[in-house]
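Reviewing the structure listed below.
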Amino acid sequence: MLLTVVCVQLIWGLVGLRESVAQNATGKDEWWRDTFIYQVYTRSFKDSNGDGVGDLNGITSKLEHLVDLGVSAVWLSPIYASPMVDFGYDISNFTAIDPIFGTIDDFTRLIARAKALKLKVVLDFVPNHSSDTHPWFVKSVQRVKPFDEYYVWKDARIVNGTRKPPNNWLSQFQGSAWEWNDQRKQYYYHQFTARQPDFNYSSTALQEEMKNVLRFWLNRGVDGFRIGAINYLIEDSHFLDEPKSSSASFLPATDPNSLKHNYTVDRDQNYDILQAWRRVLDSTNGTRKVIMTEAYTTPYFTMKFHQHGSNIPFNFNLIRNIKLSSGALGCKGVIDGYLNELPSGALPNWVVGNHDNRRTGSRLNSRWIDQINMIAAVLPGVAIIYNGDEIGMIDRPMAWNETLDPAGINAGPLNYKFKSRDSARTPFQWDNSTSAGFSSNKKTWLPVNSNYKTVNLAIQKTQPYSHYSLMKKLISLKKNPILRNGTTETTIVHYAYLAIVRRLQNQSPVVLLINVHKTLVRYDIAAFINAPDKMTVYAANSWANISVGAQVDMTNFGIDGYGAVILI
Ligand SMILES: *[C@@H]1O[C@H](CO)[C@@H](O)[C@H](O)[C@H]1NC(C)=O
Ligand SMILES: *[C@@H]1O[C@H](CO)[C@@H](O)[C@H](O)[C@H]1NC(C)=O
Ligand SMILES: *[C@@H]1O[C@H](CO)[C@@H](O)[C@H](O)[C@H]1NC(C)=O
Ligand SMILES: *[C@@H]1O[C@H](CO)[C@@H](O)[C@H](O)[C@H]1NC(C)=O
Ligand SMILES: *[C@@H]1O[C@H](CO)[C@@H](O)[C@H](O)[C@H]1NC(C)=O
Ligand SMILES: *[C@@H]1O[C@H](CO)[C@@H](O)[C@H](O)[C@H]1NC(C)=O
Ligand SMILES: *[C@@H]1O[C@H](CO)[C@@H](O)[C@H](O)[C@H]1NC(C)=O
Ligand SMILES: *[C@@H]1O[C@H](CO)[C@@H](O)[C@H](O)[C@H]1NC(C)=O
Ligand SMILES: *[C@@H]1O[C@H](CO)[C@@H](O)[C@H](O)[C@H]1NC(C)=O
Ligand SMILES: *[C@@H]1O[C@H](CO)[C@@H](O)[C@H](O)[C@H]1NC(C)=O
Ligand SMILES: CC(=O)N[C@H]1CO[C@H](CO)[C@@H](O)[C@@H]1O
Ligand SMILES: [Ca+2]
Ligand SMILES: [Ca+2]
């Protein structure tokens, strides 16, 4: 069995050597090309006033950290007025700052400071739904025109004299996606919690409102938007039951994965709406505006966003498809699969983490933290990191009575651990002082991870082989012309190494080498990947046990188990 795997890997390795993906990252000279973009989860980055929740003034006070890292842009998770049922993804006013985060003047100061530091600012745009406390929804309930059609309302189905939802559609957060409203005497549709009614994008008045939201923030100096849950915008107008999925028999009938969502997800008209927003952004003056889109979907629907106005349709492959069991072959497959699917001329991107997924060190394990960061850096295109990725923060397990995320609460005490996103949202670990330097308050909205005394930014700044020191080198490497314009080869060297080789004309290549095995293996890597006999270590993780700057003999080279190095 083991032998077979090794043989297969060897054959793949040989194939890999000859098969160059030859994918060069275009996207012309957009400012986001070949950069890292940094997501700030607003509630957890920095608390300026001691109430235990992160805020705008906190972010402004820490923008220098992002300059020090070298990222091109900061994307802020929602800062808008919200009852915080889904921690800001339930918006009650799209053009107001929630008081917990500050004021519009605080926002203006944040933008001014970012501009002075040459940092771009990207806002979260959450267009699928609003909060049920939004004045539009309140008026919709009262059937006030034109608000009456802003949301998706349907009459009940009466079955044997009992009121039932219009169809079998399920919420992403468990159970029926329909909620009865006793005042309007109709059900409304909600893809997420019942406190987040979906908009009706067939209403042109609603479409116009949402464009005005974009214009409002563009006029205040933002450089683009990250559009959340974009593949959920439109629902099929026939409202037919969705078919059962192949895993339906293993799942409770309330689990959204028990249905095949072909009437509520990935509808064609989503792309038309995106293009209308693209036109709004393109008709503003000044810096070119970026659109990043979030959709957990198939490669076909992901790639389609490239042709409909999204500059960065999030590529979740590193999060979703790299497993502990992947090995070098699995990693190669994931990377090549994505690059081969990309439409010609499209700019690749690699999402390393976000507030909806477990952190790398917890989803996989600690040795993968640097390896995933290195893969995202060396591959062509944009890398998107989540606050804490640069210092290797890991999830903080939560007890049931500490759970705040509605996705966790709705799943109940037995299953919340699989659904809750709280563990990846704990406060940023700045230093070893009270609440990790996040807040002067000992009590923070989510608890600080108890590892903060050893895992924090201040200490990692002093350590030459820390996650942070490595991340800084990775971010600056993105600007290397070979990474910008070179071709990409993914290769399995011998059986132990995943190699990513970036090559430009006659220059010496840039090589990422990851030992997926637990022991050191020496090999003539130079011959195998057609690299020079002598190369220099540009960066290394701590497992590699090798000095940055060392010159190595590539004809007989190896790195310690789980080590990863970038050679130039
Ligand atoms: C949102 O808040 C702003 C600022 O407070 C206010 O001017 C505006 O009317 C509000 N919008 C709605 C739809 O309530
Ligand atoms: C309606 O009630 C009848 C009699 O109780 C029952 O046989 C039938 O299955 C019910 N129909 C539905 C759709 O529940
Ligand atoms: C959505 O809006 C359109 C156009 O205003 C309207 O015809 C339709 O009935 C609305 N759909 C729902 C489900 O409310
Ligand atoms: C949805 O799936 C069902 C069953 O597989 C199929 O009959 C139907 O045509 C599909 N509808 C769409 C819009 O793809
Ligand atoms: C963009 O600049 C042009 C020329 O200066 C000006 O006419 C136009 O009004 C500006 N558009 C916007 C949206 O500011
Ligand atoms: C959670 O429950 C434990 C006991 O099971 C208790 O010690 C702790 O104080 C509770 N925490 C909260 C936040 O209620
Ligand atoms: C806390 O960090 C400071 C500097 O970052 C260091 O001097 C000090 O020893 C640390 N204290 C503890 C208890 O780790
Ligand atoms: C790399 O590509 C950029 C943008 O296409 C171009 O301006 C630059 O000259 C290229 N550099 C090299 C070394 O080919
Ligand atoms: C990218 O590759 C295409 C063809 O594969 C080539 O025409 C183009 O010049 C390349 N662009 C850069 C920036 O190297
Ligand atoms: C690191 O390398 C040194 C010298 O090559 C060796 O003595 C040491 O055991 C290695 N450490 C680990 C953790 O592999
Ligand atoms: C990445 C992202 O934006 N995720 C959000 C998608 O929308 C749902 C519902 O608003 C949120 O819960 C997610 O956090
Ligand atoms: Ca605060
Ligand atoms: Ca929707």
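Because the structure is a prediction, the values reported are computed rather than measured. Whatever order the structure lists ligands and atoms in, that order sets their numbers, starting from 1.
Taking only nitrogen or oxygen atoms, main chain and side chain alike, Asn432 reaches within less than 3.5 Å of ligand 7. Considering backbone and side-chain N/O atoms, Lys260 comes within less than 3.5 Å of an N/O atom of ligand 4.
Taking 4.0 Å as the cut-off between side-chain N and carboxylate O, Asp236 and Arg267 count as a salt-bridged pair. A salt bridge does not link Asp98 to Arg43: none of the charged side-chain nitrogens sits closer than 4.0 Å to a carboxylate oxygen. Between Asp155 and Arg184 there is no salt bridge, since no side-chain N of the basic residue sits under 4.0 Å from a carboxylate O of the acidic one. Of the charged side-chain nitrogens involved, at least one lies within less than 4.0 Å of a carboxylate oxygen, so that Arg358 and Asp395 count as a salt-bridged pair.
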Run through all N or O atoms in ligand 6 and write down each protein N or O closer than 3.5 Å, as a pair with its distance.
residue	atom	partner	partner atom	Å
ligand 6	2 (O)	Asn401	ND2	2.2
ligand 6	11 (N)	Asn401	ND2	3.0
ligand 6	14 (O)	Asn401	ND2	3.4

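Pairs of residues two or more places apart, or lying in two chains, that qualify as side-chain hydrogen bond (donor to acceptor under 3.5 Å, both in side chains) and include a residue from residues 447-462 are Gln429-Asn451. For residues 269-278, every residue pair satisfying the side-chain hydrogen bond (donor to acceptor under 3.5 Å, both in side chains) rule, not counting sequence neighbours, is listed here: Arg278-Asp282, Arg278-Asn311.
When non-hydrogen atoms are compared, ligand 4 lies under 4.0 Å from the side chain of Arg267 (C-beta onward) but not from its backbone.
Remark: Ser247 pairs with Ser245 by the side chain to side chain donor-acceptor pair (under 3.5 Å) rule, at least two apart or across chains.
A distance of 7.5 Å separates CG of Asp51 from CG of Asn441, quoted to the nearest 0.5 Å.
Taking every non-hydrogen atom of Pro243 and a distance limit under 4.0 Å, the qualifying atoms of ligand 4 come out as 2 (O), 3 (C), 4 (C).
At a 4.0 Å cut-off, not a single heavy atom of His238 sits close enough to ligand 4 to count as contact.
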